[in-house]
Chemist: 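Got a structure for you, questions after.
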There are 2 protein chains.
Amino acid sequence: MSVDSELVSGASLEAWQRLLRAHCVIARELDVELQSVHGMTLSDYDTLVQLRDCESETLKMSELSRRTMLTRSGMTRLVQGLERDGLVERRSCDSDARVSYAALTPHGHEVLQAARETHHAGIRRTFADHFTEEEAAQLAALLGQVPGALEGDVPCGGGA
Amino acid sequence: MSVDSELVSGASLEAWQRLLRAHCVIARELDVELQSVHGMTLSDYDTLVQLRDCESETLKMSELSRRTMLTRSGMTRLVQGLERDGLVERRSCDSDARVSYAALTPHGHEVLQAARETHHAGIRRTFADHFTEEEAAQLAALLGQVPGALEGDVPCGGGA
DNA sequence: GGCTTCTCGTTGCGCTCGCAACTATCTACA
DNA sequence: TGTAGATAGTTGCGAGCGCAACGAGAAGCC
């Protein structure tokens, strides 16, 4: 069957391909920028943001990996780097000796603040500036229909 | 300045974050599927498609890297793998001894055909099924506004 | 209390891939 | 014809990160 059957509509295929390319172009540029100016990767940044955005600025390793797009092993190594740079410190848990917390340090907070400036300018330049406010909202709504695209879904980070 | 200045609108930021997550979730799933069923990565697949979609099914290495999202060095190694698997063969150029061609073999053509089946079903399941035809067209149009998202742009593959 | 099973974080290993440097070749210009 | 500069492809190296396996600890069940 189906030598030429349309398993996927042309528009969907085109949308997916453009998503792939857009992601690649933008992520690469933002990563280079963040890395050259602040010495951190996109994943580092994302992790720090997750910490800052929760009260107490402290999260369990597994929770961090769940909120970002990393596996637990990836998060272990990423946090090792952040700790080495003094952006984060580790804490143990009294009630459960297995768990380990990562907490934003004051220095980490400062560095994140500076990086935010750079990063948001980058997002604006490479991405936001090419949409009207309405288009951005539309795009966000459409992308939200993809399972796993909404923050809080548990798509892969927590797996394996 | 700007402790809380909005460098990027909330909608834009949300759109970017969702794009990031959607890409991660979908790409990971499609890659795993393609790899387990056909032993090839998403990049392999994309490269084979580029070859199939041009008359003569033959392209220069640099052209391949330009059309995919890979650097020339990445393409060198990727094509080495495809050649080892017999999906592609290398040819030299009569008029320019520097250039090297990659050409789809009959076997490569077959394998690609089979992989297409799997891959398109995957795209449909993880992506296309969550949009109406109209939404997909809208999404494609919006993503097309990102510089570099359109095929034929020369965003990064050709660089370095 | 023991036993099984689950979860947490870490580690060894391997893969993909970009960057920078290198060689070989082509092109331009004198 | 000689030489400088651009370009094609390859390679060494290293970063990022997922997977599978592991040890430590927690929780449920008898």
Side-chain angles (χ1 to χ4, degrees), chain A residues 20 23-25 27-36 39-47 59-66 68-85 88 90-102 154-160, chain B residues 20 23-25 27-36 39-47 59-66 68-85 88 90-102 154-160:
Chain A
L20 216 48
H23 167 269
C24 179
V25 173
R28 200 169 294 182
E29 179 160 348
L30 293 180
D31 205 57
V32 165
E33 188 173 51
L34 222 36
Q35 204 139 12
S36 63
M40 68 175 67
T41 67
L42 215 50
S43 292
D44 290 331
Y45 180 85
D46 194 27
T47 302
L59 284 173
K60 299 198 293 185
M61 295 299 289
S62 56
E63 183 59 23
L64 265 179
S65 75
R66 209 181 57 73
T68 58
M69 304 261 76
L70 295 177
T71 59
R72 294 203 308 280
S73 73
M75 188 49 73
T76 292
R77 281 183 265 251
L78 189 149
V79 167
Q80 282 170 355
L82 296 180
E83 193 185 15
R84 191 181 333 108
D85 296 347
V88 142
R90 314 293 305 264
R91 291 183 195 150
S92 54
C93 176
D94 292 339
S95 60
D96 188 338
R98 292 170 306 175
V99 327
S100 179
Y101 290 105
V154 194
C156 45
Chain B
L20 215 49
H23 167 269
C24 179
V25 174
R28 201 171 293 183
E29 179 159 346
L30 293 180
D31 205 57
V32 165
E33 189 173 51
L34 222 37
Q35 204 140 10
S36 62
M40 68 174 68
T41 67
L42 216 51
S43 292
D44 290 331
Y45 180 85
D46 193 28
T47 302
L59 284 173
K60 301 198 292 184
M61 295 298 290
S62 56
E63 183 61 22
L64 266 179
S65 74
R66 209 181 57 74
T68 58
M69 305 259 74
L70 295 176
T71 58
R72 293 202 310 278
S73 73
M75 188 50 71
T76 292
R77 281 184 266 252
L78 188 148
V79 167
Q80 282 170 356
L82 296 180
E83 193 184 16
R84 190 181 333 107
D85 296 346
V88 141
R90 314 294 305 263
R91 291 185 194 147
S92 54
C93 175
D94 293 340
S95 60
D96 189 337
R98 291 171 305 176
V99 326
S100 179
Y101 290 106
V154 194
C156 45

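Each chain gets a letter, A, B and so on, in the order the sequences are listed, and its residues count up from 1.
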Chemist: May I have the distance from B:Asp31 (atom CG) to C:dC17 (atom C1'), rounded to whole angstrom?
Modeler: 13 Å
Chemist: With a 4.5 Å limit on heavy-atom distance, are the side chains of A:Glu29 and A:Val32 in contact?
Modeler: no
Chemist: With heavy atoms under 4.0 Å as the rule, sort B:Thr76 into base, sugar-phosphate or nothing.
Modeler: base
Chemist: Respond yes when some side-chain nitrogen or oxygen of A:Arg77 is under 4.0 Å from OP1 or OP2 of D:dC17, and no when none is.
Modeler: no
Chemist: When the distance from CZ of B:Arg28 to P of D:dG16 is rounded to whole Å, what number comes out?
Modeler: 16 Å
Chemist: Between P on D:dA15 and CE on A:Met40, what's the gap in Å once rounded to a whole number?
Modeler: 18 Å
Chemist: Hey, is the main chain of A:Ser43 close enough, under 3.5 Å, to the side chain of A:Asp46 for a donor-acceptor pair?
Modeler: no
Chemist: Does A:Arg98 get its side chain close enough to the base of C:dG9, under 3.5 Å, for a donor-acceptor pair?
Modeler: no
Chemist: Using modelled atom types and a 3.5 Å cut-off, is there a donor and acceptor pairing between side-chain atoms of B:Asp31 and backbone atoms of B:Leu42?
Modeler: yes
Chemist: With side chains defined as the heavy atoms from C-beta onward, is the minimum distance between A:Val99 and A:Tyr101 less than 4.5 Å?
Modeler: yes
Chemist: Quick check: on DNA chain D, is the nucleotide nearest B:Asp96 upstream (toward 5') of the one nearest A:Met75, or the reverse? Name the residue that is more 5'.
Modeler: B:Asp96
Chemist: Atom CG of B:Asp44 to atom C1' of C:dC17: distance rounded to whole Å?
Modeler: 12 Å
Chemist: Touch check for A:Glu63, heavy atoms < 4.0 angstrom, all strands: base, sugar-phosphate only, or nothing?
Modeler: nothing
Chemist: What is the distance, to the nearest angstrom, from the CG atom on A:Leu78 to the P atom on C:dT11?
Modeler: 15 Å
Chemist: CG of A:Leu34 versus P of D:dA15: gap in Å, rounded?
Modeler: 18 Å
Chemist: Do B:Ser100 and B:Arg90 have a side chain donor and acceptor closer than 3.5 Å?
Modeler: yes
Chemist: Is A:Ser43 near enough to D:dC17 that one of its side-chain N or O atoms lies under 4.0 angstrom from OP1 or OP2?
Modeler: yes
Chemist: Taking atom P of C:dC19 as reference, at what distance in whole Å does atom CE of B:Met69 sit?
Modeler: 13 Å
Chemist: Starting at the 5' end of DNA chain D and moving along, which residue's nearest nucleotide shows up first, A:Ser73 or B:Arg90?
Modeler: B:Arg90
Chemist: A:Lys60 NZ to C:dG9 P: how many Å, rounded?
Modeler: 6 Å
Chemist: Think A:Gln80 has a side-chain N or O under 4.0 angstrom from the OP1 or OP2 of C:dT11?
Modeler: yes
